[in-house]
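Note on naming: letters A, B, ... go to the chains in the order of the sequence lines (proteins, then strands), and numbering restarts at 1 for each one.
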Amino acid sequence: MRFNQLISLLKQGQAGLLSYQIGKDPEILSGASLEKANIDQISFLEKGNSLSKKLNSCNAGAVILPIQEDLSEIAKSKGLPWAVVKDPRIAFAEVLETLNPASKKIPEIHPTAVIGDRVTIGEKVSIGPHVCIGDDCEVGEDSIIHAGVVIYSNVVIGSGNELHANCVIHPGSKTGKNCIIHSSTVIGSEGFGFIPTRKGWRKMPQTGIVIIEDNVEIGCNSAIDRPAVGETRIGNGTKIDNLVQIAHGVITGKDCAMASQVGIAGGAVIGNGVILAGQVGVTNRVKVGDGVIASSKCGIHTDIDPGAVISGFPAIPNRLWLRCSANFKRLPDLTKAIKEISKSLPR
Amino acid sequence: MRFNQLISLLKQGQAGLLSYQIGKDPEILSGASLEKANIDQISFLEKGNSLSKKLNSCNAGAVILPIQEDLSEIAKSKGLPWAVVKDPRIAFAEVLETLNPASKKIPEIHPTAVIGDRVTIGEKVSIGPHVCIGDDCEVGEDSIIHAGVVIYSNVVIGSGNELHANCVIHPGSKTGKNCIIHSSTVIGSEGFGFIPTRKGWRKMPQTGIVIIEDNVEIGCNSAIDRPAVGETRIGNGTKIDNLVQIAHGVITGKDCAMASQVGIAGGAVIGNGVILAGQVGVTNRVKVGDGVIASSKCGIHTDIDPGAVISGFPAIPNRLWLRCSANFKRLPDLTKAIKEISKSLPR
Amino acid sequence: MRFNQLISLLKQGQAGLLSYQIGKDPEILSGASLEKANIDQISFLEKGNSLSKKLNSCNAGAVILPIQEDLSEIAKSKGLPWAVVKDPRIAFAEVLETLNPASKKIPEIHPTAVIGDRVTIGEKVSIGPHVCIGDDCEVGEDSIIHAGVVIYSNVVIGSGNELHANCVIHPGSKTGKNCIIHSSTVIGSEGFGFIPTRKGWRKMPQTGIVIIEDNVEIGCNSAIDRPAVGETRIGNGTKIDNLVQIAHGVITGKDCAMASQVGIAGGAVIGNGVILAGQVGVTNRVKVGDGVIASSKCGIHTDIDPGAVISGFPAIPNRLWLRCSANFKRLPDLTKAIKEISKSLPR
């Protein structure tokens, strides 16, 4: 695609195109990082990006720049086609999407798929090889169900969903519009509910359901369990990474982001816009307020106020944790100092 | 189902029914938490449950109560049908089970299933679509094997098992009676055994097997590896949650509970009745005594005495850890105090 | 197999056979640990192995010993056939391999497999039941693809690969020679890349690919994501355990070992020969030098120098961490000591 076509795209997009120079209007085939980009590739820089100093020596065919005059000057002097936008990352996303359009799936039900009774399948749905769909299910229009997916009975898949290969959706689960469930993830399996008795653990039946609201994306090999009663709910626009555990009865707000290997225990309530970094753990039944940011490996044992930035285990304010961690390294010295002081004191 | 039918059930159950009032004998369709229950739903309270104060305003059709007179008085005054039992949680489990009977699978082998040579399949076994069973396997009576499950050769599945969609059982594995293996879990894969050499890592063949005893339940996307020689063994009645790693040669006792994202390294020996909370890690070859409780994110590096309650990383007694963690937050202040003391001392 | 045949094997192997005594030349069927070995089993000891004291009472049919005269003397006096080698563990691996030859898969494409257009399949490839391979793929000679594997379009699987049941390979991924991908693992799925906007998270298209070099082994239920642009790369000979997360754009060196539940965030660069123990986390974009060893649960937030041995969270040198952890347990006492000193000081 010619650079001028990408400029037309950016004019209509969300990135805020401010100025540009098409130059020799190169053919752009794909995106790359500034260091690795070749003549048929486009790259981008953001304000303060450490790669900026490599702009002069880069081999990219074109570049998306932030509002930073020194950078556009370098591009001009190099004869490198450029576009200045308010949000270079958004621009790059729009360009990548245009250069790599999702390959259109032919809307067909593969003959090896096994579909149960009373299943409603919307228009333009693609169902891949060896898919299995149980009785009394619905699949909304424009959804893609890749090979090997298993959907138990009584499941509702919304419109515009993409269910990747070998994921499994258990009875009663419902997804909203435009959700993406990645490979091998399991939605709606029985929660881990057992009652201690003299004869060992007695299973608590898990009769609730899982509800995934609109625009949710869930990574590979994650698990979202259904509860004993009621629901587990993932709020609108929430994004969940690979290998994440969402236990029975958890409720998450809208637009949360949960990185890989996060684990949220039963009944926890997560607010809107919460960000949990990798390997964070949340104890059962705690409430995490709107906008909380928990750094990686954080262990959340108690309710957290909205807007808090927390770290450590148990979680404390991030700034305090940074100072405490710095002091942790000095513990042997502190101990020694105390011993010496004690010795020096008159008895 | 009418409330009086549920009362009949509780009379025969394990919860210890003590007294009840059927009132208008409402039709009960499902269970719910006290806050959310409607007129056709039943709920329960336990002693000291913080929801108790909501009993008066609840909309449930009936309620299961602990031995606590003020609660049954409220129910009486509301005209709310109730049952008082010794163990409300057990009663609720029995009621949920009755209201949500497991949908009977027709005992059939789906025509798309691929079954190897010399496979013995018991009475009333259900084998779903696209299942693959290797040569020389046995599947015990009344077992259900859901869609997409892959069983390698030389595997024994006991009677009354339920293997959920897309789980995988590797050669030599054996399960006991009444086990449940959840979706996408892998049993009996090769352990992570490599020998460092000058030419890189050399694989140690993993020729052992995995044995799952009776009444074991294993969550989604977990992995239980087979060892180089001998066996990996999960004891009778042990319950394992999602995303748990059990490495090669681990032996667990009976009636353990392991929450999500627990990892147990090679050759560790876990006693009976051990509880490991979420994200706990156990180092290779350590011995964890009977009845040990390890709180979430705990890291167990050394042998642990029976009955210990431990926390932190490395694990220390829980009570000590709580005090140490409280002091960790004060480390910057402690450091400052020491500096000031040092300054004030005569030199 | 007779013990003298195993001796012949060891003569040709890499373990460095030094001396041996065939004795009654027992029939050896399998390997076992010294404690559990029976008369038809072989076992091994390494220098300093605590099981050495059990050699005299063992029931093994034959034993592989290190260069340690007291041990061969015991074997002689027991009449126990033995072999002394430089590296007993290598010898045991060679023996196990011989006693448990990989069952030869018949090179066939199962009739239930669904193969796309323009797929090149090498000689002697075995493709199991219900496998699905997309368009424009290559599968190298001698590779085994087990039941239920899903390969998307534009994937290259090298020669001599083994892809275990239900693993999933996403578009653009390439594996080298002799790789093993274990069950339910997902290679090449979309990285977790989202841009915060006023309307919520906006997806960054993930147009890059995953490259797995030669002799790589990846455990069960792991996930290796593709990046927005460029590649995610796993270096030659690297071994990855179960439930490991490798995020988009991570580059690992050669011959690394990553234990279960390790998580490496986006863009991190891992050197050659790096060992990450269980549940270690690596933050995005950090550089971990060649030969670094990180102990279990370690959290790596900053670049790490080559050869460092690190522990804790945030990671510090292992020796320092051991001392700091020992002092952590004494924090309540330290606090008390400081208070008492403060009181005793003149004001």
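Contact between C:Ser222 and C:Asn242 at its shortest, heavy atoms only, is OG-C, 3.5 Å.
Neither the backbone nor the side chain of C:Ala102 comes within contact range of chain B; no heavy atoms are under 4.5 Å apart. C:Gln41 does not touch chain B: none of its heavy atoms, backbone or side chain, sits under 4.5 Å away. Of the atoms belonging to C:Leu96, heavy atoms from both backbone and side chain fall under 4.5 Å from chain B. With a 4.5 angstrom heavy-atom cutoff, C:Asp255 touches chain B via backbone and side-chain atoms both. Heavy atoms closer than 4.5 Å to chain B are found in the side chain of C:His146, but not in its backbone. Proximity to chain C is absent for every atom of B:Asn284, based on heavy atoms less than 4.5 angstrom apart. In this structure, chain B has heavy atoms under 4.5 Å from both the backbone and the side chain of C:Lys239. For chain C, the nearby part of B:Phe194 is the side chain; its heavy atoms alone come within less than 4.5 Å. For C:Cys167, no part lies near chain B; criterion is any non-hydrogen pair under 4.5 Å. Proximity to chain B (any heavy atom under 4.5 Å) is shown, for C:Leu322, by neither the backbone nor the side chain. Heavy-atom distances place the side chain of C:Asn100, and not its backbone, under 4.5 Å from chain B. Interface residue B:Arg323: backbone and side-chain heavy atoms are both found under 4.5 Å from chain C. Of the two parts of C:Ser183, the backbone and the side chain both hold a non-hydrogen atom closer than 4.5 Å to a non-hydrogen atom of chain B. Interface remark: C:Pro129 contributes side-chain atoms only to the contact with chain B (heavy atom separation under 4.5 Å). For C:Glu97, the parts sitting under 4.5 Å from any heavy atom of chain B are the backbone and the side chain alike. For C:Leu334, no part sits under 4.5 Å from any heavy atom of chain B, backbone or side chain.
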Evaluation steps, side chain to side chain contact (heavy atoms under 4.5 Å, CB included), between B:Val114 and C:His130: CA-CA 9 Å; B:Val114 174; C:His130 307 126; 3.6 Å; yes
